[in-house]
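The first residue in the sequence is number 1, and the count goes up from there.
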Amino acid sequence: MFSSKEADKKVGSSSGTSKVIQPGNVVARIVDIKLDVPPYDSSSYNIMLNLETAPILEEGFEGLPIDKDVPELGNYKGQVARVQTQQYAYNDYTNKEGKTLKKEDAMFKWIWNFAKEIGASKDLIENDIQADSIEDYLEAAKKYLINPERYIHFCIAGSEYENKAGYTQYRLFLPKMEKGKMPYELVADGEKPSKLITFSEAVHIKKKKVSESVDSFTGRDSNNDLDLD
């Protein structure tokens with residue numbers, strides 16, 4: 001028997017809102033910050049921001065699992081995403097003059113500038129956060145960079161690719177500074193962002209090549225089923 005009254009119970013209701021943050025200007029909080037070694041270069045590092053928007057109140061919306069291996073933790077209440085702090089991984093770089101910039105120094109510079117913008121640098125100084133390696137420094141600094149009540153404006157760019165299911169998805173990253181504008185800015189009550197880059201699809205979406213089709217590094221379906229663990 002098929003009953004309209006029982007349809008939602010039988011079929012389930014769903015929201016049209018993506019569970020995953022898409023490229024654009026987004027307000028989100030930091031859930032975690034991790035270092036990631038890309039599979040194509042073991043000498044490189046990405047700094048990955050795990051982000052979550054404010055709760056989505058649309059009827060039928062159910063966020064991705066907080067931990068797919070621990071279902072009792074439930075689901076995220078907002079959209080989520082893993083976002084690289086720059087388009088390409090951090091590598092040692094030698095300029096034309098023969099001077100080498102170590103990737104760890106570039107990573108520390110990003111972390112420190114980000115901390116200053118979101119109001120965390122004072123805590124890092126007062127608590128004398130220091131470490132011999134960038135891995136240990138980030139681990140120690142993390143608790144001051146992450147605050148569940150702190151929301152941040154982001155401009156999120158994306159590189160298109162096609163996953164196995166044939167869906168176009170994005171590798172998300174923060175764009176470079178543009179004419180004094182930044183890809184992130186702390187949310188201030190009652191104020192519009194003044195330093196934030198305005199998202200432009202023409203500038204901030206890197207189109208995939210016609211023949212490009214690769215596995216998702218974050219998921220396997222149209223919702224980009226993230227594993228944020």
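Side-chain contact check for M182 versus H153: every heavy-atom pair is 4.5 Å or farther apart. P65 is not listed as a side-chain neighbour of P71, based on a closest heavy-atom distance of 4.5 Å or more. With contacts defined as side-chain heavy-atom distances shorter than 4.5 Å, the pair R82/D36 qualifies. Using a 4.5 Å cut-off on side-chain heavy atoms (C-beta onward), Y170 and S159 make no contact. Between K206 and F173 there is a side-chain heavy-atom pair separated by less than 4.5 Å. Contact check for V31 versus L51: no side-chain heavy atoms found under the 4.5 Å cut-off. Within the 4.5 Å cutoff, the side chain of R150 has heavy atoms near those of the L186 side chain. Considering only heavy atoms from C-beta on, I30 stays 4.5 Å or farther from N50 through its side chain.
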Q | Audit row: I152, V27, side-chain contact (heavy atoms from CB on, under 4.5 Å) steps and yes/no | A | CA-CA 5 Å; I152 302 164; V27 175; over 6 Å; no
(Q) Working note: Y45 + M107, criterion side-chain contact (heavy atoms from CB on, under 4.5 Å); need CA distance, chi angles, decisive distance, verdict. (A) CA-CA 9 Å; Y45 258 144; M107 294 163 69; 3.7 Å; yes
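For the 3.5 Å distance criterion, the side chains of Y137 and E104 fail to qualify, holding no donor opposite an acceptor. In this structure, a donor-acceptor pair under 3.5 Å is absent between the side chains of E160 and T168.
To the nearest 0.5 angstrom, D105 atom CG is 11.0 Å from T100 atom OG1. Atom OH of Y76 is separated from atom CG of D67 by 8.0 Å, given to the nearest 0.5 angstrom. Between the NE2 atom of H204 and the CG atom of N25 there is a distance of 8.5 Å, given to the nearest 0.5 Å. From K208, atom NZ reaches atom CD of Q169 across 11.5 Å, with rounding to the nearest 0.5 Å. Atom-to-atom distance recorded for I47:CD1 and K34:NZ is 14.5 Å, nearest 0.5 angstrom. Rounding to the nearest 0.5 angstrom, the gap separating the CG atom in L124 from the CD atom in Q130 is 12.0 Å.
Residues S42 and V37 share a closest heavy-atom pair of CA-CG1, 3.6 Å. Pairing each heavy atom of P148 with each of R29, the nearest pair is O-CD, 3.3 Å. Across L64 and V20, no two heavy atoms sit closer than the pair CD1-CG2, 4.1 Å. Closest of all the heavy-atom pairs between L138 and I111 is CD1-CD1, 4.0 Å. When all heavy atoms of C155 and P175 are compared, the closest pair comes out as O-CD, 3.1 Å. Looking at every heavy atom in both residues, P183 comes nearest to I197 through N-CD1, 3.8 Å.
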Identify each donor-acceptor pair in which a side-chain atom of residues 85-93 lies under 3.5 Å from a protein atom, sequence neighbours left out, and give them as a table.
{"from": "T85", "atom 1": "OG1", "to": "Y90", "atom 2": "OH", "distance (Å)": "2.9"}
{"from": "Q86", "atom 1": "NE2", "to": "Y88", "atom 2": "O", "distance (Å)": "2.8"}
{"from": "N91", "atom 1": "OD1", "to": "S44", "atom 2": "OG", "distance (Å)": "2.4"}
{"from": "N91", "atom 1": "ND2", "to": "S44", "atom 2": "OG", "distance (Å)": "3.2"}
{"from": "D92", "atom 1": "OD1", "to": "K103", "atom 2": "N", "distance (Å)": "2.8"}
{"from": "D92", "atom 1": "OD2", "to": "K102", "atom 2": "NZ", "distance (Å)": "3.2"}

Distance-only check: which donor-acceptor pairs under 3.5 Å involve side-chain atoms of residues 140-147, not counting sequence neighbours?
{"from": "K142", "atom 1": "NZ", "to": "D32", "atom 2": "OD1", "distance (Å)": "3.3"}
{"from": "K142", "atom 1": "NZ", "to": "I33", "atom 2": "O", "distance (Å)": "3.1"}
{"from": "Y144", "atom 1": "OH", "to": "N127", "atom 2": "OD1", "distance (Å)": "3.3"}
{"from": "N147", "atom 1": "OD1", "to": "E149", "atom 2": "N", "distance (Å)": "2.8"}

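Using modelled atom types, one side-chain atom of K181 and one backbone atom of S194 make a donor-acceptor pair closer than 3.5 Å. For T53 (side chain) and Q79 (main-chain N/O), a donor-acceptor pair under 3.5 Å exists by modelled atom type. Under the 3.5 Å distance criterion, the side-chain polar atoms of K99 are left unmatched by any main-chain donor or acceptor of K96. Counting only distance, with no hydrogens or angles, the side chain of E52 and the backbone of V80 share no donor-acceptor pair below 3.5 Å. Side-chain atoms of E185 come within 3.5 Å of backbone atoms of L196 as a donor-acceptor pair (strictly under, hydrogens ignored).
Checked against salt bridge (Lys or Arg N to Asp or Glu O under 4.0 Å), E117 has the following partners two or more places apart in sequence or in another chain: K195.
Cluster membership check: I66 shares its hydrophobic cluster with V70, using side-chain heavy-atom separations under 4.5 Å among Ile, Leu, Val, Met, Phe, Trp and Tyr. Following chains of ILVMFWY side-chain contacts shorter than 4.5 Å, one cannot reach L49 starting from V187, and the two form parts of different hydrophobic clusters. Grouping the Ile, Leu, Val, Met, Phe, Trp and Tyr side chains by contacts below 4.5 angstrom, directly or via other members, places F108 with L35. Transitive grouping of hydrophobic side chains (ILVMFWY, heavy atoms separated by less than 4.5 Å) keeps V203 and L172 in distinct clusters. Linking Ile, Leu, Val, Met, Phe, Trp and Tyr residues whenever their side-chain heavy atoms come within less than 4.5 Å leaves L174 and Y151 in two separate clusters.
Taking the charged nitrogens against the carboxylate oxygens, K207 and E201 do have a contact shorter than 4.0 Å, which makes a salt bridge.
More than 12 heavy-atom neighbours from other residues, nucleotides or ligands sit within 6.0 angstrom of CG on N95. Remark: K77 NZ is loosely packed, at most 12 non-hydrogen atoms of other residues, nucleotides or ligands lying under 6.0 Å away.
F114 and F154 have parallel rings, their planes meeting at less than 30° on a 0 to 90° scale where 60° marks the start of perpendicular.
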